[in-house]
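See structure below.
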Number of protein chains: 2
Amino acid sequence: MDTRLPTSSDDSMLSAEDKEKTIPAALLSRLPQYYICLKDLVNRDIMRVSSRELSKALDITDSQVRQDFARIGDYGRQGYGYSVRELIIGVSDILGITDEFSAVIIGANVLGLAIASDSLFSRHGVLLKGIFNFDGTLVGQRVGNTKVYPLDELIPFIVKEKVDIAVLTTTEGYDPSELIDNGSLRGIWNFTNRFIERGEKTLVHNVSLGDSLMTLCCKIKRLKEGR
Amino acid sequence: MDTRLPTSSDDSMLSAEDKEKTIPAALLSRLPQYYICLKDLVNRDIMRVSSRELSKALDITDSQVRQDFARIGDYGRQGYGYSVRELIIGVSDILGITDEFSAVIIGANVLGLAIASDSLFSRHGVLLKGIFNFDGTLVGQRVGNTKVYPLDELIPFIVKEKVDIAVLTTTEGYDPSELIDNGSLRGIWNFTNRFIERGEKTLVHNVSLGDSLMTLCCKIKRLKEGR
DNA sequence: TAGATTGTTAATCGATTAACAATC
DNA sequence: TAGATTGTTAATCGATTAACAATC
C-alpha cells in the first residue's frame, strides 16, 4: 500500500530534470516528428499552433499532442495554444540538438559516402570528423569536408578526437565490438544486420533498411489482399 | 450484445487467411527481425530452435516469442521447439517475400545511387526496374544493372512496367502526389521529410534518417545524464 | 518415463482516446 | 464576455509478461 500523503510534493514538485527522466518510449519516438514540424512552422513565420493543427499535420490525435506536451513541460496556454518558438526550445533540449556531438563513419562504401555527402549531420548539429576505410581506396582523399583515413587509425582517432558516435555501414572483415566503451564513444549508429551488444557507456542504435523494405512489402501485400 | 453461441466455430475455425488479418502492429514490426535471425540459423545449418534461444538472440522475452508464433500459425511442438525451415516459410509468406515486387528510384542523388548499388532489393526479392533523375545528369547511363531515365518518363514507365514501389529520395522540384493511386503503384518508400498523403491503393512508408539520428543523440544525452 | 518446451490464460503494464472542467 | 483551447481525469485499448497445465 502506498502510504504517502497526497501533498503537493507528490508530483507537482518534480523538477524539470525529473520530468525529463520519465519520458515514455512512445513519446520519445514522436519527438523528432514534432521537431521537424515545428521547424517547418517557424520557417513559414507561424508563431503559434494549437494541438488540433499539429494533430492534423502529424496524423495523430489532438488529445495525444496535448498529453505529450503536458508531459514534457508547461508550454500551453488555454484559449491560445502553444508558442512554436518555446516548444522548439523544449523539444530540442530533450533531443540533445543543442549539444554538439561528433561522429565518424566506418566504411567508405556507397552507403557511407551517401551519409557523408548528405547534409544530414550538419542539419542536426553533429560534426563529422572522419571516414574510415578498410582497404587503401580513397584514403587521404576528401569527401565533402571530411578526410578518409585507414582503419587502423580508427581507435586512436576516436580517443584523441573525443568522438561520440560511430556510424557503422559494414562489418565485412571488421569486429565492431572493439568500439564498445572505448574512449569517449557513446553510441553506434548501426546500419548493418550484425547484432552488437551494447556496453555500459556505449549504446547501439540499429537502422535496418532491409527491415523497412520488408515491412513495406508486407503492408502492400496485405493491402492487395484487402487488409 | 453479442448473441453468438460459444461454439467451436468462434475462434478455432478461423482460416489461415483470417488469422493473418489480425496480426497486431507490434508483432508485424518484429517479423523482419525474426526473419533475419531465422535465415542466419539456416545458414549455420541449425534446423530447430526454442523460444528461449530466439529470445536471447533478439533481446525479447521467450514468452513474447511463443505468443507471436502462436498468433501467426501452428509451428511449435511441445518439448521440441520450432522447425526453423517451417517458420521461415510462414514468416516469409506474411512478409510478402515470396511475392515478386518491382520498384523504381526517384532521384539519382547520392542516397538514390547508394540504395540502387546495394544488394538491398535483390536480397529481398524486389526487382529494381529504373532510376529517374530530374536533370539530364546520368540519363541513359547504367547504375549496376539499372538504367537512368529522365523524370518525364516516370509515370508512363510506372504504368507500362506495372511498378509496385517508388523509392522517393528527394522532393526538390517534384510533387510526389502524382504517384498516389497512379497505375499499379501500391507503395511509396519515402526517404524525404515531406508529408505525403496516402491514397486508397497507394500507401506511404516513411524512413527518416534524420529522425533516427535525433533519437540516437537523445539516447546518448540521456545516458550521459544518467538516464 | 522424465525432461523440455509449447500454448494459453490471467495479470500487468503502458499507450491512446474521449470528455470536459478550467482558464486564458 | 464569449470563444477557443489547454490540462487532466477516467475509460479504453493494445502489448507484454508471468505462470503453469498440456503434451511432445
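Chain letters run A, B, ... following the sequence lines, proteins first and then strands; every chain starts at 1.
Side-chain contact between A:Glu53 and A:Ile46: absent, with no pair of heavy atoms (C-beta onward) separated by less than 4.5 Å.
Counting any heavy atom pair closer than 4.0 Å across all strands shown, B:Arg77 reaches sugar-phosphate atoms only and no base atom. Looking at heavy-atom distances under 4.0 Å, B:Ser63 makes contact with a base.
If you take CZ on A:Arg30 and CD1 on A:Ile72, they are separated by 11.0 Å, rounding to the nearest 0.5 Å.
Using the six-membered ring where Trp is involved, A:Tyr34 and A:Phe69 have ring planes that are tilted, between 30° and 60° apart.
For the pair A:Asp175 (side chain) and A:Ser177 (backbone), a donor-acceptor distance under 3.5 Å is present.
Residue A:Ser51 places at least one side-chain N or O under 4.0 Å from the OP1 or OP2 atom of D:dT6. Phosphate contact (OP1/OP2 of C:dA22, side-chain N/O of A:Gln78, threshold under 4.0 Å): absent. Taking only side-chain nitrogens and oxygens, A:Tyr82 never comes nearer than 4.0 Å to OP1 or OP2 of D:dA4.
Within a heavy-atom distance below 4.0 Å of DNA chain D, no residue of residues 24-43 of chain A is found.
Exactly one residue among B:Val207, B:Ile196, B:Val104 makes a side chain to side chain contact (heavy atoms under 4.5 Å, CB included) with B:Leu168. That residue is B:Ile196.
Rounded to a whole Å, the CG atom of B:Asp74 is 13 Å from the P atom of D:dT23. When the P atom of C:dT6 is taken as reference, atom CG of B:Leu87 falls 10 Å away, rounded to whole Å. At whole-Å resolution of the value, CZ in A:Arg52 and P in D:dT6 are 11 Å apart. Atom P of nucleotide C:dT16 and atom CG of A:Asp62 are separated by 14 Å, given to the nearest angstrom. A:Arg71 has its CZ atom 11 Å from the P atom of D:dT8, to the nearest Å. Distance CD1 (A:Ile72) to C1' (D:dT6): 14 Å, rounded to an integer number of Å. Taking atom CZ on B:Phe69 and atom C1' on C:dT5, their separation rounds to 14 Å, with Å as the unit.
For A:Arg66, counting side-chain heavy atoms from C-beta on, the closest listed nucleotide (D:dC20, D:dT6, D:dT16) is D:dT6.
Atom CZ of A:Arg123 has more than 12 heavy atoms from other residues, nucleotides or ligands within 6.0 Å.
The base of C:dT8 is not paired with the side chain of B:Gln67 by any donor and acceptor separated by under 3.5 Å.
Using a 4.0 Å cut-off between charged nitrogen and carboxylate oxygen, A:Lys224 and B:Asp164 count as a salt-bridge pair.
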